[in-house]
Protein chains: 2
Amino acid sequence: MSMSAPAHAPPLEELTHRLRRRERRVTAPRQAILEFLRRQTHPASRKEIFSALPRGVGDLATVYRSVQLLESMGMVQRFDFGDGVARYRLLAEGEDGHRHHLICRQCRTVVEVRECFAADLERQIARRNGYRAVSHRLEFFGLCPQCQGAEP
Amino acid sequence: MSMSAPAHAPPLEELTHRLRRRERRVTAPRQAILEFLRRQTHPASRKEIFSALPRGVGDLATVYRSVQLLESMGMVQRFDFGDGVARYRLLAEGEDGHRHHLICRQCRTVVEVRECFAADLERQIARRNGYRAVSHRLEFFGLCPQCQGAEP
DNA sequence: CCCGCAACTGCAAACCATTTGCAGCTCGGC
DNA sequence: GCCGAGCTGCAAATGGTTTGCAGTTGCGGG
Ligand SMILES: [Mn+2]
Ligand SMILES: [Mn+2]
Ligand SMILES: [Zn+2]
Ligand SMILES: [Zn+2]
C-alpha cells in the first residue's frame, strides 16, 4: 500500500471509535487529520497537517478546531519547541504523553529523549512551594551533527 | 525615595555603561526600560515594560527593539512560560542566566527554582546523539496555594 | 431510506504578539 | 556647535491562532 504508519500507531478505527464514544462526529476532515497524524514519527504543526490533507478536504480553521478537540480529549499532545509554532503528536489510549526532546536549533530536527529526571524532585518542589498538580516541561536545544560547522 | 530595586540589582550606571562600552547609545527609552527592569523581581513582558514607561517616553516598537538589543548583548534573559508571551529579566554582568521556574497555571505567579537537575543528563544526551552546544529549558507548572480549589 | 437537528465545516474577518519600513530626531565623537 | 550613524515614533505588515456566521452533514430515530 502506501505511507506506512509506525508500528505502534493506533489503527484509524480505534481513533474514530474514541471520538464516537464521546459523541463526537467522525467527519472527513477529522479522519484525514487522524490518518495523517498516525503516520508521523515526529510532532507536526497544524499548517503541516493542513497541507497534508487530501485536496478539498478540510480548512486550516477546521484543522485548528479539530486539533483542539483532540487535545481536549487527550488524543494528541502539544509541544512547544520555542519557534512560535505549536506541534502535535498522536497519543496512544491511556498514554499520558510525557516526553522530552532534543531539538536542533538550526534545522529543527527532533530527537526524542527517553529519560525523565526524577519525579521525586518535582514532588519536592511542589511541596516546598505549596503548589499542587505540578508538571514540567523539559526540552534540550543544540546543533545536530549535520548542522555543525556552518551556522548562518 | 521610591520603588526600591532588589538588593542585587545592578545600578543604572553600570547598565548604561555596558551599552556605551559596545557603542550603543544611552537614550531615554533605554534608560527607562533598564530602570524598570532593575526594579522587577520576576520576568516582565514587553507590554508590561511599555506600560510602565513614563508618559511620552518610548513606544511599544521601541521596547521590542530595545529588549532585542539587550538580549543580543546578554543583558536580559528571555523566558517562555507557555502562554504565548515572552518575558524578560535583567542579567547581572557575567551571569549566564540559567534558571528554572515554577509557574501557576492560573494566575501566572512565578517562583524561581534554584536547582538545575538536568546538567548531567544534558551532557549525556548531547554525546549520545552527536549534538553540540546543547542547552535546555525546564519549567514547572502547577496551581499555586491561592489558586487551589477554584479553577475556572 | 428519509427526517431533523445539533454538531461541524468553510470562508472571511478579527485578534494578538511581534516585526518592519521610513522619515525625522538625537546621541556623542569631533 | 556640526554631522552621521544610530534611534525613535508611528503606521502598516506579518504570522500564528481564534471567532462569527451561514450553509452542510453525521447519525439517531422514525
Ligand atoms: Mn520529564
Ligand atoms: Mn537547568
Ligand atoms: Zn540540524
Ligand atoms: Zn495562582
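Chain identifiers are assigned alphabetically (A, B, ...) following the order of the sequence lines, protein sequences preceding nucleic acid strands; residue numbering begins at 1 within each chain.
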Which is true for B:A86 with a 4.0 Å heavy-atom rule: it touches a base, it touches only sugar-phosphate, or it touches nothing?
sugar-phosphate

Specify the separation, in whole Å, of atom [atom1] of [X] and atom [atom2] of [N].
X: A:R30; N: C:dC8; atom1: CZ; atom2: C1'; answer: 6 Å
X: B:L60; N: C:dT18; atom1: CG; atom2: P; answer: 9 Å
X: A:K47; N: D:dT18; atom1: NZ; atom2: P; answer: 15 Å
X: B:Q31; N: C:dT26; atom1: CD; atom2: P; answer: 15 Å
X: B:E23; N: D:dC7; atom1: CD; atom2: P; answer: 10 Å
X: A:L34; N: C:dC8; atom1: CG; atom2: P; answer: 13 Å
X: B:F50; N: C:dC16; atom1: CZ; atom2: P; answer: 16 Å
X: A:I33; N: C:dT9; atom1: CD1; atom2: C1'; answer: 11 Å

By nearest-nucleotide position on DNA chain C, the 5'-leaning member of B:G84 and B:V26 is B:G84

Can you tell me if A:T27 touches the phosphate of C:dT9, counting only side-chain N or O atoms and a distance under 4.0 Å to OP1 or OP2?
yes

So CD of B:E48 and NE2 of B:H42: to nearest 0.5 Å the spacing works out to 11.5 Å

Nearest 0.5 Å, what's the CZ-CZ distance between A:R87 and A:R46?
10.5 Å

Specify the closest pair of heavy atoms between [X] and [Y], including all atoms of both residues, with the distance to one decimal.
X: A:E35; Y: A:L12; answer: OE2-CD2, 3.1 Å
X: B:C147; Y: B:C104; answer: SG-SG, 3.8 Å
X: B:R105; Y: B:R108; answer: O-NH2, 4.1 Å
X: B:G142; Y: B:L102; answer: N-CD1, 4.4 Å

Quick one, A:M73 and A:R24 - any side-chain contact, counting heavy atoms below 4.5 Å?
yes

B:A61 or B:R24: which one's nearest nucleotide on DNA chain D is closer to the 5' end?
B:R24

Per the under-4.0 Å heavy-atom filter, residues of residues 62-80 of chain A near DNA chain C come out as A:T62, A:R65

Out of D:dG4, D:dC27, D:dG9, which nucleotide sits closest to the side chain of A:R25?
D:dC27

Ignoring hydrogens and angles, does a donor from either the side chain of B:R46 or the base of C:dA17 sit under 3.5 Å from an acceptor on the other?
no

